[in-house]
Structure formats: C-alpha cells, structure tokens
2 protein chains.
Amino acid sequence: MTKQRRVVYSILLENRDHPTANDVFRRVQREMSTISLATVYNCLDALSKHGLINQVNFDREPSRFCVNPAPHVHFRDTRTGVIHDIAFKEGCQITDLLDLPDGAEVSELELTISGDLPANP
Amino acid sequence: MTKQRRVVYSILLENRDHPTANDVFRRVQREMSTISLATVYNCLDALSKHGLINQVNFDREPSRFCVNPAPHVHFRDTRTGVIHDIAFKEGCQITDLLDLPDGAEVSELELTISGDLPANP
DNA sequence: ATTACAATTTAGAATTATTCTAATTAGGCC
DNA sequence: GGCCTAATTAGAATAATTCTAAATTGTAAT
C-alpha cells in the first residue's frame, strides 16, 4: 500500500458512484496534485488484483470502478445514467440457472443490466 | 440489406466462433476483396441494431459477434480461449434471483463468465 | 433510359481509453 | 548514509473504434 494507492482507495470509498479512471484521477488530483493518470491506472489495477475493488464494464464504455466487496451485479438506469449495485437474493446461485457443461468451473462472472428505474417521487 | 451486409451476415452464420470485427473483415475480404473495415463495422452495427446478431464484450477486449438468436450467456474457457454459448435452463429468469428495485424494467442484460472447462478426452 | 435522391460504402484520418517505456523517486533494511 | 526493489511519473505508443468527406449504389419518378 503506497500513499497513492491509499488515496485512490479512499477516494473510491468516499463516493461510490462508479467513477471512471479519469474521474478518479481528477478527484485524486485535488488532494495530491502531483499524481499522474498512469499511476491512477496502476493503482486501480493493483487494488483490483488484490480484490479490494472491482472493474465494471458496460459494453465498450470506459471502465468504472466499484468498492462494493459483496457479490453483486450492476444496473444502469438508462434515464439518469446512474449505475446501481444489485444484490442477489438469499442463497441464489446464478449458475444454477444455466446449462453449464458438466465440470465447468466458474472463475469470473460479470452481469450488467440496462433498463429503466421508476422515477423517484 | 445490402450486398455487404449479406456477406457479413453469411460469414457469421458460416463459422459461429465469436469472431472480432477484424476477424470478420479478413474472412469477408476473401470473397469481397474491396470491402473496407469501416464497412464491416457499419454492417455489424446495422445487423446488431436489427437484432440479427449480438455484440459480445469480455472486459475491454475487442468486441465479438454472435449469431445465436436465442437468449444465452457467454462462457470463455480460460485454457483454450474458446467462447461457448450457454443456454438458460427451462423457465429460468435471471432477474428472479436479483434484488431489483420495484418497477425496474430490464432492457438489456449481458452475462459473461470465465472459467475452466474439463478437458475433452 | 435518365435524372434525382437518399443511403451506403470507402479510404484514411481522428479519437480515446488504456498500456508501455524509460527515467526518476520513495521506502525499507543493512 | 548507501543499496535495492518496487512504484511513480511524463509522455509516447497502441489499438479498437468512430468519424469525415467523397464516391458509389440502388431505387423511384419522370
């Protein structure tokens, strides 16, 4: 854990709005003006590899980053663009619903959903 | 449906191995040597928009294209790199497993899985 | 047929998120 | 302090995709 990684991580914890690498860069710059974009990428990568954060991809848009450690999927509200974390219902295994070949071992699983959320009154 | 779109589509039907746009380009060139890469992108986009094919994204790798019209998800065998179509079990709705907010309406859903498949003897 | 029009294709340039490179800096340990 | 490794930095490079503007095609009307 270097100073830079700590700052990047704390920025992510501070505002869990699934920022892009560039968003993170701009936020981190405010409190560590000498940081470089490459470092932000390095940090995000390191944090990802150590399982502290998740990299979230919607189609081919810029990757976004998520500090939620619990297993969950992502729902993008097409009206607002906001990405929501969606948890699984109790004791549900997505792979139970799939016709996976015998012996298949899942190591990574990414589920992204786009749709409309009812307006919040 | 232009000549180019027809060729792109037929190439995809011919070999359902989830090729990238560039793969498609190279294959199409063999029977229509004047086609351009931009056209292949245009065609893939047009076919996608009309629901004839699906664009498949694994993380930030180049997009791949899939002619399987049935609802399914994608499993990449990490050993061979091959992408397999995985169907849902009878009458299964993935969203049933999720804690979606009331009234959420799903318009798109992409599920990608990476893992190991047992070696085929 | 010929013209007119819109949509598509083409070649190449432009874009952009991300990765790479090489040099510098920082931190830990003797 | 000096040494060593890993991390950071700035900037260049990469690569998939998109954009642009000109040329082509197909179609419908005259």
Pairing residues for D45(B) by the salt bridge (Lys or Arg N to Asp or Glu O under 4.0 Å) criterion, not counting sequence neighbours | K49(B)
For the helix from dA1(C)-dT30(D) to dC30(C)-dG1(D), what is the angle between the axes at its two ends, each from 5 pairs, rounded to 10°?
-> 20°
Side-chain hydrophobic cluster, 4.5 Å single linkage: members besides L37(B) | M1(B), V7(B), V8(B), Y9(B), I11(B), L12(B), L13(B), V24(B), F25(B), V28(B), M32(B), I35(B), V40(B), Y41(B), L44(B), L47(B), L52(B), I53(B), F65(B), V67(B)
Heavy-atom protein contacts under 4.0 Å, nucleotides 9-25 of chain D, coded B base, S sugar-phosphate only, - none = BBB----SBBB------
Whether S107(B) side chain and S114(A) backbone form a donor-acceptor pair below 3.5 Å | yes
Please list all pairs passing the ring pair (Phe, Tyr, Trp, His ring centres under 6.0 Å) test where one or both residues lie in residues 70-113 of chain A, with sequence neighbours left out.
-> H18(A)-H74(A), H72(A)-H74(A)
By salt bridge (Lys or Arg N to Asp or Glu O under 4.0 Å), D96(B) pairs with (sequence neighbours left out) none
May I ask you to verify if any side-chain N or O of T2(B) is less than 4.0 angstrom from the OP1 or OP2 atom of dA7(C)?
-> no
Among all residues two or more places apart in sequence or in another chain, which pass the salt bridge (Lys or Arg N to Asp or Glu O under 4.0 Å) test with R26(B)?
-> D23(B)
Rounded to the Å, how far apart are L47(B) CG and dT8(C) P?
-> 12 Å
Euclidean distance, atom CZ of residue F25(A) to atom P of dT8(D) [Å, nearest integer] = 14 Å
What residues join F58(A) in its hydrophobic cluster, counting side-chain heavy atom gaps under 4.5 Å, either direct or through other members?
-> V56(A), I83(A)
Separation of dT8(C) atom P from R6(B) atom CZ, nearest Å, is 13 Å
Could you state the atom-to-atom distance from CZ of R5(A) to P of dA6(D) in whole Å?
-> 12 Å
d(CG, D59(A); P, dT16(C)) in whole Å | 18 Å
How would you list all residue pairs meeting side-chain hydrogen bond (donor to acceptor under 3.5 Å, both in side chains) that involve residues 51-69 of chain B, not counting sequence neighbours?
-> Q55(B)-S63(B), N57(B)-S63(B), E61(B)-R76(B), N68(B)-D85(B)
